[in-house]
Every structure is written in structure tokens, then in C-alpha cells.
Amino acid sequence: GNSVTQMQGQVTLSEEEFLFINCTYSTTGYPTLFWYVQYPGEGPQLLLKVTTANNKGSSRGFEATYDKGTTSFHLQKASVQESDSAVYYCVLGERGSALGRLHFGAGTQLIVIP
Amino acid sequence: EAAVTQSPRSKVAVTGGKVTLSCHQTNNHDYMYWYRQDTGHGLRLIHYSYVADSTEKGDIPDGYKASRPSQENFSLILELASLSQTAVYFCASSDGGGQNYAEQFFGPGTRLTVL
């Protein structure tokens, strides 16, 4: 079936430190993968999307690359700011779904200390 | 102006009572979704709809009904609320999926507490 695993429940960093959030997925064929971000008191919003056509995506200083061999999809940022504090969800698009079905990981809470 | 709105933003309900959560979107999207968010589980799909007057079951539909009276409105109904349904509920809309996997736009959420 389709599933996403995020093992890091919480990550705490100081400003300007490097961010790396780990994600692995399970699906058949070639996936479309997303990172959604949820700020306090808001709903999730799309951060970036990666398809088999490009293998890599970037937005707002964040980068993500997926590796089909290891079924991993990691999010990274070179230098975090306090404003990056949020919950980050690794999300898998269900293959063949005309209805846009998405499968969310458990989320990783990022806390950035100024 | 927010394109997906939810009401109420928070609600306290009694066990066994009926609860209706409402969602309204101005994105002109055909697809709408209801999710629940629980700590440690991320977001899980309850019901979705791709056209007015039709709804489909998601991954965790038990104990929930949905209603889509128009393209803009999508409701989630708990006929007999239970303690286990305490959670934050999110509504979302999109243009759909296919090979492009259109972005889903989420509302601000409704925090439901069942006592």
C-alpha cells in the first residue's frame, strides 16, 4: 500500500543551523512527493513538490530530493530562521489517483531558537 | 481573503450528540476533502467529494457522514459523537489529481472536543 514514515517527531535547532528532516515512503511505481508546512493556528500549505520528471524541488530556501533506490525523500535547508518554526509533513501522492489522494506522514515539529 | 473557511473554529460537544462541521471554498474547485489530525498520525482522510451531491469514503469513514450540497460547500457530520472523535478537523479543496497532483488548499481547522 501507500505509506509515509517520518521518524523525527521533533527537531530543535538554533538560528542559522542546518536542517535535515528524514522521510521514507512506500508505494508502487514512481511517486509524486510533497512537503507541506503547517504554521501554528493554520492549515497545512504546500511547500514544494517533486515528481519523477525532476527528482528535486526547492522553495523558500528549502530543498528536497527523492531517491527511488532507498525510497527516501529528505527536506533540507542550509540556514534556518526562527520564522521556519512549524510542523513539516512528508506527503505521498497516490499513484493513479484522479482524485488527488494524498498520504501524510506523522509530521516533524521544527523549533528554531533565536 | 481566505479561500477555504471552516466553521466553527472550535466546538465542545457531548458524547452521543450530533455535530456538524462546515466548510466553504471560493477556489472554484471540484474536489473537496475532510481530514482529521491527531498527534502522531499526521492527517488522515475521512471523506472526499469530486462533484456536488456525491461523496466518497476515505481511509477512516466510520462514525462520520459527509454532505456536498453545492460545489462551494462540504459538511462533515458526526451523528453520535464519541470521545475518540476529539481531534482537529481540516477541510481542503483542489483541482484534483491525475498526473499533475494538484495542490490541496486547506482551511484553518476546527478543534472539536467531545466530553
Side-chain angles (χ1 to χ4, degrees), chain A residues 1-10 21 23-27 29-54 57 59 66 73 86-109, chain B residues 2-6 9-10 21 23-25 27 29-51 54-61 68 74 87-111:
Chain A
N2 298 289
S3 66
V4 175
T5 302
Q6 288 179 255
M7 296 301 294
Q8 299 160 283
Q10 182 173 301
I21 299 179
C23 171
T24 57
Y25 64 89
S26 174
T27 189
Y30 295 91
T32 296
L33 296 155
F34 310 81
W35 282 99
Y36 274 74
V37 59
Q38 183 179 18
Y39 298 102
E42 300 181 10
Q45 58 182 267
L46 180 65
L47 177 59
L48 55 81
K49 168 182 168 181
V50 175
T51 68
T52 55
N54 51 26
S59 173
Y66 97 92
F73 182 55
V87 178
Y88 292 81
Y89 290 100
C90 181
V91 182
L92 171 67
E94 185 172 297
R95 178 177 167 78
S97 170
L99 301 172
R101 289 284 303 268
L102 300 178
H103 298 269
F104 283 76
T108 298
Q109 170 121 42
Chain B
V4 180
T5 55
Q6 295 182 233
R9 291 295 312 276
S10 67
L21 307 182
C23 178
H24 179 80
Q25 56 105 353
N27 293 324
H29 288 160
D30 287 328
Y31 300 83
M32 296 188 74
Y33 313 83
W34 274 108
Y35 295 88
R36 67 175 280 171
Q37 182 179 52
D38 301 277
T39 302
H41 287 280
L43 278 73
R44 292 180 289 175
L45 183 64
I46 306 170
H47 285 287
Y48 58 96
S49 169
Y50 55 89
V51 68
S54 178
T55 64
E56 304 292 332
K57 294 180 179 179
D59 298 323
I60 53 165
R68 182 92 182 271
F74 192 34
V88 180
Y89 292 85
F90 287 97
C91 175
S93 75
S94 85
D95 276 336
Q99 293 187 352
N100 293 323
Y101 287 101
E103 177 181 357
Q104 290 190 14
F105 294 85
F106 285 81
T110 295
R111 182 174 297 277

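Note that the coordinates shown come from a computational prediction; the quantities given were computed from them, not determined experimentally. Convention: sequence-line order gives letters A, B, ...; per-chain numbering from 1.
The distance from the CG atom of D59(B) to the CZ atom of R101(A) is 4.5 Å, given to the nearest 0.5 Å. With rounding to the nearest 0.5 angstrom, the CG atom of L102(A) is 7.5 Å from the OG atom of S94(B). For the atom pair F106(B) CZ and Y36(A) OH, the distance stands at 6.0 Å (nearest 0.5 Å).
With a 4.5 Å cut-off on side-chain heavy atoms, Q37(B) and Y89(A) count as touching.
At a 4.5 Å heavy-atom cutoff, the contact between R9(B) and chain A is made by side-chain atoms alone. At a 4.5 Å heavy-atom cutoff, F105(B) makes no contact with chain A through either its backbone or its side chain.
Between L43(B) and F104(A) the shortest heavy-atom distance is O-CB, 3.6 Å.
For the options P108(B), C91(B), G58(B), heavy-atom pairs under 4.5 Å to chain A are most numerous at P108(B). Interface check for chain B: of the options G43(A), G107(A), A106(A), P44(A), the most heavy-atom pairs under 4.5 Å are formed by P44(A). Each of Q6(A), Q38(A), Q45(A), H103(A) has some count of heavy-atom pairs under 4.5 Å with chain B, and the biggest count is that of Q38(A).
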